[in-house]
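Only this structure's heavy atoms are used, side chains among them; waters, hydrogens and symmetry mates stay out. Counting starts at 1 for both ligands and their atoms, in listed order.
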Amino acid sequence: MRYVSTRGQAPALEFGDVLLTGLASDGGLYVPESWPSFSLADFVERFGPDASYATLAVEVMWPYVEGSVERPDFERIVAASYETFSNDSVVPLVDLGGNTHLAELFHGPTLAFKDVALQLVGRLFDYELAKRGEAVTIVAATSGDTGSAAIDAVRDREAVDIFVLHPHERTSPLQRRQMTTVVAPNVHNIAVEGTFDDCQDLVKAMFADDDFRDSVHMSAVNSINWARVMAQIVYYFWAALQLGRINQPTAFAVPTGNFGNVFAGYCARRMGLDVAQFVVGSNTNDILTRFFESGEMTITAVEPTFSPSMDIQISSNLERLLFELHSRNGEAVAELFATFRETGSVSIDPYKLGALRETWDAARLNNEDTLEVIRATYAETDEVLDPHTAVGVGAAQQVRRFGAVPMVVLATAHPAKFPAAIHEAIGSDPPVPAQLAHIGDLDEHFEVLPNDLATVQAYIRARSRVSR
Ligand SMILES: *Cc1c(COP(=O)(O)O)cnc(C)c1O
C-alpha cells in the first residue's frame with residue numbers, strides 16, 4: 001500500500017515512512033492510495049464469531065501495512081498492544097437499552113480511547129526504527145489525555161525518547177499524575193509556565209527549527225498520524241461483529257474533537273462496513289457541528305468545557321474527509337485550506353453538503369446538557385458516563401434517524417478521569433479502577449520551565465539520547 005497527500009504535491013510514501021513522517025511535506029495529510037475491502041462475513045467464516053479483537057485487528061489492518069511490516073511481526077505487535085488492556089474483550093459492548101450500545105474504548109493503560117491507537121503506534125515506531133537503526137525524540141504538547149497515552153505507549157522503548165509539555169498548574173491533578181508518576185529512563189515531563197496554547201506554540205517552533213529538529217531527530221505521534229486512524233478502524237468492525245450485524249447496518253455516534261476517531265468510521269465504511277448513520281457530537285466548541293449544518297467551517301475562540309479533549313478550534317482530520325468529498329483532488333483541497341488560513345473560514349458547495357448529509361448528522365451539547373445526560377443515563381441504566389461519552393449519547397438522542405438500527409456510541413474515557421463533573425451530575429464519585437487506585441501515593445517527576453523556546457530546547461538537547 002502506498003499513501004498520497006491530501007494536497008496532492010508531496011511524494012507518495014510507504015507505510016513505514018508515513019508512520020514516522022506524520023504531516024506531508026506539502027502541509028497535507030497522508031491517506032491510502034486506495035481503500036482495501038474487508039468482509040465481516042468472510043472473516044466470520046474463517047475465524048468464527050468469537051474471534052479475538054487482536055485477530056480482527058490484524059485482518060483489518062494488514063492491507064495498510066503489507067510491504068512495510070512482516071506478517072509474523074505484525075501479529076506479535078498487535079497481540080502485545082492489546083494485551084495491555086484490562087478487559088478480556090479489549091473493547092466490550094454495553095447495552096444501554098433502546099437499541100443503543102456503548103463500545104467502551106477506555107480499558108487501556110491510561111483509561112482513554114487514545115490507548116487503542118497509541119499502544120500499537122508506539123510498538124510500530126520501535127519496530128520501524130529498529131529496522132532502520134535509527135532513534136527519535138518525540139516532543140508533544142498536551143492538555144491531558146494525549147500526553148499520558150503517548151507516554152504509556154513509548155515508555156521503556158529503546159529507540160524513542162519522549163518529552164511531554166503540559167501547562168504548569170493548568171491540567172487536572174489526576175491527568176498530571178498519570179504522566180508524571182511514570183518512571184522510565186526515556187520519559188520526560190516538562191511543566192511550562194504558560195497555557196496549553198503556549199505549549200503547542202513551543203512544539204511548533206521546535207519543529208520549524210531545522211537545526212534543532214535534525215539534531216534530536218524530532219518526531220510526533222499527533223492525531224493526524226495515519227497509523228492512529230488505521231488502528232481506530234478496527235473497533236467499528238468489532239462493534240458490528242459483537243452485535244451480529246454481519247450483513248445489516250449499524251449506526252455510530254462519536255464524541256468528536258480532531259475528527260480522527262469518527263474519520264476512522266468513514267474508513268471502515270469505505271472498506272465495506274454497512275453504516276446507516278454517523279452522528280458527530282460536539283461540545284460548545286462546535287466547529288464540526290456548524291460545518292455539518294451549514295457546509296461552512298469557521299474558526300472561533302476555544303471555551304473550556306467538561307469534555308476538555310474536545311475543546312478544539314480546528315478539526316485537523318476533517319481534511320481527509322474533504323479530500324474524498326472533492327473526489328481526491330489535492331489541488332482543490334490545497335486551495336480550500338489556503339482560503340481557510342487567510343480568512344478563518346471556508347465552505348463547501350450545497351451539492352457536496354447534501355451528499356455528506358446522506359449519512360452524516362451532527363449535534364452539540366453544552367455543559368448543562370452534558371451533565372443532564374450523565375444524570376438521566378445513570379438514573380435509567382446505572383451506567384456512569386464520562387463527559388465526552390455523554391456528548392456522544394446526547395448527540396445520538398438528538399439526531400438519530402433509525403430506531404430499528406442499533407446505535408453504537410463510542411465511549412472514549414473512563415468516568416474516573418473526570419470526577420468533578422461526575423460528582424456534579426450524580427452527587428457521588430465514579431468507581432476508581434485499578435489503574436488509578438494508587439496514583440495519589442506515587443512520586444511525581446517533572447521539571448518546571450519558563451515559557452521560553454531556548455530554555456526548553458536546551459533542556460531537551462541535554463537529555464535526548466539521540467542528541468548530536
Ligand atoms: C481525544 C479524545 C476525543 C476526541 O477524539 P478525536 O479523534 O480528536 O475526535 C474524545 N474523547 C476523549 C476522551 C478523548 O481523549
So, is Pro255 polar-close to ligand 1, with some N/O to N/O distance under 3.5 Å?
no
Nearest to atom 8 (O) of ligand 1, what protein heavy atom do you find, and at what distance?
Asn258 N, 2.6 Å
Let me confirm one number: the CD-CG distance from Glu447 to Asn189, rounded to the nearest 0.5 Å.
11.0 Å
Please list, in number order, the atoms of ligand 1 under 4.0 Å from a heavy atom of Ala413.
13 (C)
Numbered in order shown, the ligand 1 atoms found under 4.0 Å of a heavy atom of Gly260 are 6 (P), 7 (O), 9 (O)
Check for me whether the distance between the ring centres of Phe85 and His107 falls short of 6.0 Å.
no
Measure centre to centre between the rings of Phe418 and Phe306, then say whether the value is under 6.0 Å.
no
Within the 4.0 Å heavy-atom cut-off, what Phe259 brings close to ligand 1 is backbone
Using a 4.0 Å cut-off to any heavy atom of Lys114, which atoms of ligand 1 qualify?
1 (C), 2 (C), 3 (C), 14 (C), 15 (O)
Tell me if the aromatic rings of Trp226 and Tyr64 count as close, with their centers under 6.0 Å from one another.
yes
Specify the protein heavy atom at minimum distance from atom 9 (O) of ligand 1: its residue, its atom name, and the distance to 0.1 Å.
Gly257 N, 2.8 Å
For Phe259 and Trp360, I'd like to know if the aromatic rings sit close, meaning centre-to-centre distance below 6.0 Å.
yes
Inter-residue atom distance Leu321.CG - Leu29.CG, 0.5 Å rounding:
12.0 Å
Using heavy-atom distances, let me know which of Thr256, Thr412, Asp115 sits nearest atom 10 (C) of ligand 1.
Thr412
Compute the ring centroids of Phe252 and Tyr236, then answer whether they are less than 6.0 Å apart.
yes
Can an N or O of Asn261 be found at a distance shorter than 3.5 Å from an N or O of ligand 1?
yes
